[in-house]
Undergrad: 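Please read through the structure below; I'll follow up with questions.
For clarity, every value in this text was computed on a predicted model and none was experimentally measured. Chain A is the first sequence line, chain B the second, and so forth, proteins listed ahead of strands; every chain is numbered from 1.
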Protein chains: 2
Amino acid sequence: MKDLTFCSSLHGSEHDHLRQILTHVQFDGHNTIFHEAEDADYVFNITSGSVKLYKLLGDGRRQITGFLFAGDFLGLALNTNYSYTAEAVEPVTACRFPRQKLEKLFDDFPQLEKRMLGMAVDELAAAQDQMLLLGRKTAKEKVASFLLMLARRQEHRGEDSDMINVPMSRSDIADYLGLTIETVSRTLTQLRKEATISLKDNRHIEAVGREMLQDLAEGL
Amino acid sequence: MKDLTFCSSLHGSEHDHLRQILTHVQFDGHNTIFHEAEDADYVFNITSGSVKLYKLLGDGRRQITGFLFAGDFLGLALNTNYSYTAEAVEPVTACRFPRQKLEKLFDDFPQLEKRMLGMAVDELAAAQDQMLLLGRKTAKEKVASFLLMLARRQEHRGEDSDMINVPMSRSDIADYLGLTIETVSRTLTQLRKEATISLKDNRHIEAVGREMLQDLAEGL
DNA sequence: CGTTAGTTTGAGCAGCCTCAAAGGACGTGG
DNA sequence: CCACGTCCTTTGAGGCTGCTCAAACTAACG
């Protein structure tokens, strides 16, 4: 697998400087990496495992705004506070950068800042896709889009995408798609009965009919 | 009203350079500024009026991902293509910057790029709030959040926020909140009957019970 | 095995949607 | 000035998707 993590894909003097300020950290599943509204002192780059980001309403309703995997950046809020909570879905290893020191490096290496901006713009496009999903797609379309997203990111990481890895619980999926656990479960069984997917176990799904998933995701 | 537009808040040599590459443009209501997937040749800074951004599904279902007002930036996708369609809600004036020239300026004035990154991060936080709204709020909470958003941005622009300006149609509001026109209308009448808001006309709403709106928006 | 946490399945319900029609606002033309 | 058409909004009635509540099933672990 090609290495997509930020802290391993650095060149020349950027690399040396970044290495000097990073710390390797790890988190067990269900552990909180940081809380919403907490001081945003660190930026992370995931090297393995998976992370969920979420926001809560006053009465406890939860919306997961994104999942992060190896290579993804975490906490690039340049504000003083994090705007969401980050929690490990399964054991996570990451590189941690003190935000202030990282920002100082930006002054000497504007290329780093360019990459940051590029990543922020990509995330923004993903967020807009997710808004389309949450606001206008049916349960079936949502689940199909979700599975495709997992498959595509798995491919992008260079992993085998035949069998889709689903490290998160039904509850996490539901809170990501704006559904209930029950609806996610029912929709998966429906897709299974239609032979669009094949459930190996709760954490491994095979996309038998990928075209069907794609049509569903695009709302055709 | 204090001037919040980018092209009028520039200092020193940044200002001069930016002035050299910008063009003043305008669009009538319902006019398209650019289409999704089109080449992203320009970046805009709104100086007056309001804009809606949207994405479409294959069968025509629409999700408005955001509204822009005076001072807001448009098209900061640094990709080669726009990721959404931008359309004027009411007559718009804007400054237009050729993307390539703007990016060249970034090399000489890293401060500009920093501001861009800051804006992208702010937009990202707004997008996450919107995901929480779309995925987990009820119709009433959505409408309350929407009205508060309009009021807050109006204040931020230095305009009187006693009477909320609602330049967009019910159809636009519906497609922004993931609802139907009818539900938006019904919810507004419900809020009116509860004396939480007062409808002057279709484009002007008074937030009589702002605390009530805030509680609704936060899901308490 | 017993316990616990997570998932699936079922039955009934409700919030929001769909379809339909009436009510306003606005502009055009007689 | 009013009649008329168009577009948008509001209101009503009924239906459906996805939610709630409840129970059975499964897997992991001591």
Side-chain angles (χ1 to χ4, degrees), chain A residues 28-30 52 57 59-64 87 89-91 133-147 166-194 197-205 216 219, chain B residues 28-30 52 57 59-64 87 89-91 133-147 166-194 197-205 216 219:
Chain A
D28 285 341
H30 299 279
K52 61 188 175 200
L57 283 174
D59 63 358
R61 276 171 287 171
R62 184 178 70 153
Q63 178 65 39
I64 292 185
E87 189 180 314
V89 167
E90 53 181 346
L133 178 148
L134 290 168
R136 288 293 177 233
K137 290 188 185 176
T138 64
K140 198 171 172 185
E141 291 166 344
K142 285 177 177 183
V143 171
S145 305
F146 173 69
L147 292 174
V166 187
M168 63 289 289
S169 67
R170 296 289 183 266
S171 169
D172 287 343
I173 300 174
D175 284 349
Y176 180 64
L177 300 178
L179 300 170
T180 58
I181 311 176
E182 295 93 328
T183 300
V184 170
S185 181
R186 275 187 253 270
T187 307
L188 284 172
T189 45
Q190 190 193 345
L191 288 172
R192 180 172 51 72
K193 284 179 181 166
E194 293 170 359
I197 61 172
S198 165
L199 289 146
K200 191 195 156 208
D201 61 54
N202 282 335
R203 296 287 186 266
H204 299 274
I205 296 178
L216 277 171
Chain B
D28 285 341
H30 299 280
K52 61 187 175 201
L57 283 174
D59 63 357
R61 277 172 286 171
R62 184 178 68 156
Q63 178 66 39
I64 292 186
E87 189 180 315
V89 167
E90 52 180 347
L133 178 147
L134 290 168
R136 287 295 178 231
K137 290 186 184 176
T138 64
K140 198 171 172 184
E141 291 166 344
K142 286 177 175 182
V143 171
S145 304
F146 173 69
L147 292 174
V166 187
M168 62 288 290
S169 67
R170 296 288 181 269
S171 168
D172 288 341
I173 300 173
D175 283 349
Y176 181 62
L177 299 177
L179 299 170
T180 58
I181 312 175
E182 296 92 328
T183 301
V184 170
S185 181
R186 275 187 253 270
T187 307
L188 285 171
T189 44
Q190 191 194 346
L191 288 172
R192 180 172 52 72
K193 283 180 182 164
E194 293 170 359
I197 61 172
S198 165
L199 289 146
K200 192 196 156 207
D201 61 56
N202 281 335
R203 295 288 185 267
H204 298 273
I205 296 177
L216 277 170

Undergrad: Rounding to an integer number of Å, can you tell me how far K137(B) NZ sits from dC19(D) P?
TA: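 For the pair K137(B) NZ and dC19(D) P, the rounded distance is 18 Å.
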
Undergrad: Under the side chain to side chain donor-acceptor pair (under 3.5 Å) test, which residues partner T187(B), sequence neighbours left out?
TA: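 Listed in chain order: nothing, the list is empty.
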
Undergrad: Partners of E194(B) by side chain to side chain donor-acceptor pair (under 3.5 Å), sequence neighbours excluded?
TA: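 For E194(B), the residues satisfying side chain to side chain donor-acceptor pair (under 3.5 Å) (neighbours in sequence not counted) are K140(B), Q190(B).
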
Undergrad: With a 4.0 angstrom cut-off to heavy atoms of chain A, pull out the first and last contacting nucleotide of DNA chain C, in 5'-to-3' order.
TA: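 Answer, 5' to 3': dT7(C) to dA11(C).
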
Undergrad: Restricting to salt bridge (charged side-chain N to carboxylate O under 4.0 Å, His left out), what partner residues turn up for K52(A), sequence neighbours left out?
TA: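 If we apply the salt bridge (charged side-chain N to carboxylate O under 4.0 Å, His left out) test to K52(A), skipping adjacent residues, the hits are E87(A), D172(A).
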
Undergrad: Kindly calculate the angle separating the two end axes of the helix from dC1(C)-dG30(D) to dG30(C)-dC1(D), each obtained from five base pairs, and round it to 10 degrees.
TA: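 The value is 30°.
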
Undergrad: Given R170(A), which partner from the list N202(A), T183(A), D175(A), T180(A) fulfils the side-chain hydrogen bond (donor to acceptor under 3.5 Å, both in side chains) test?
TA: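 Passing option: N202(A).
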
Undergrad: Can you name the side-chain contact (heavy atoms from CB on, under 4.5 Å) partners of D28(B), sequence neighbours left out?
TA: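 D28(B) satisfies side-chain contact (heavy atoms from CB on, under 4.5 Å) with N31(B) once adjacent residues are dropped.
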
Undergrad: Mind checking side-chain contact (heavy atoms from CB on, under 4.5 Å) for I205(B) and listing every partner two or more places apart, or none if nothing turns up?
TA: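 Per chain and number, I205(B) pairs via side-chain contact (heavy atoms from CB on, under 4.5 Å) with L147(B), V166(B), L188(B), I197(B), L199(B).
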
Undergrad: I'd like to check the side chain to side chain donor-acceptor pair (under 3.5 Å) partners of R186(B); sequence neighbours left out, ordered by chain and number.
TA: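 Scan of R186(B) (side chain to side chain donor-acceptor pair (under 3.5 Å), adjacent residues dropped) gives none.
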
Undergrad: Quick one: list whatever passes salt bridge (charged side-chain N to carboxylate O under 4.0 Å, His left out) with R61(B), sequence neighbours left out.
TA: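 Expected list: E141(A), D59(B).
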
Undergrad: Who pairs with K137(A) by side chain to side chain donor-acceptor pair (under 3.5 Å), at least two apart in sequence or on another chain?
TA: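 Once residues adjacent in sequence are excluded, the partners of K137(A) under the side chain to side chain donor-acceptor pair (under 3.5 Å) criterion are S145(A).
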
Undergrad: With nearest nucleotide decided by heavy atoms, which residue, T183(A) or R136(A), maps closer to the 5′ end of DNA chain C?
TA: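 This one resolves to T183(A).
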
Undergrad: Atom pairs under 3.5 Å, N or O on each side, protein against nucleotides 7-10 of chain D: can you list them with distances?
TA:
| unit_1 | atom_1 | unit_2 | atom_2 | d |
| --- | --- | --- | --- | --- |
| dT9(D) | OP1 | R170(B) | N | 3.2 |
| dT9(D) | OP1 | R203(B) | NH1 | 3.3 |
| dT9(D) | OP2 | R170(B) | N | 3.3 |
| dT9(D) | O3' | N202(B) | OD1 | 3.4 |
| dT10(D) | OP1 | R170(B) | NH2 | 3.3 |
| dT10(D) | OP2 | R170(B) | NE | 2.9 |
| dT10(D) | OP2 | S185(B) | OG | 2.8 |
| dT10(D) | O5' | S185(B) | OG | 3.0 |

Undergrad: Taking only residues two or more places apart in sequence, or in another chain, which ones meet Y176(A) in a ring pair (Phe, Tyr, Trp, His ring centres under 6.0 Å)?
TA: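 F67(A), F146(A).
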
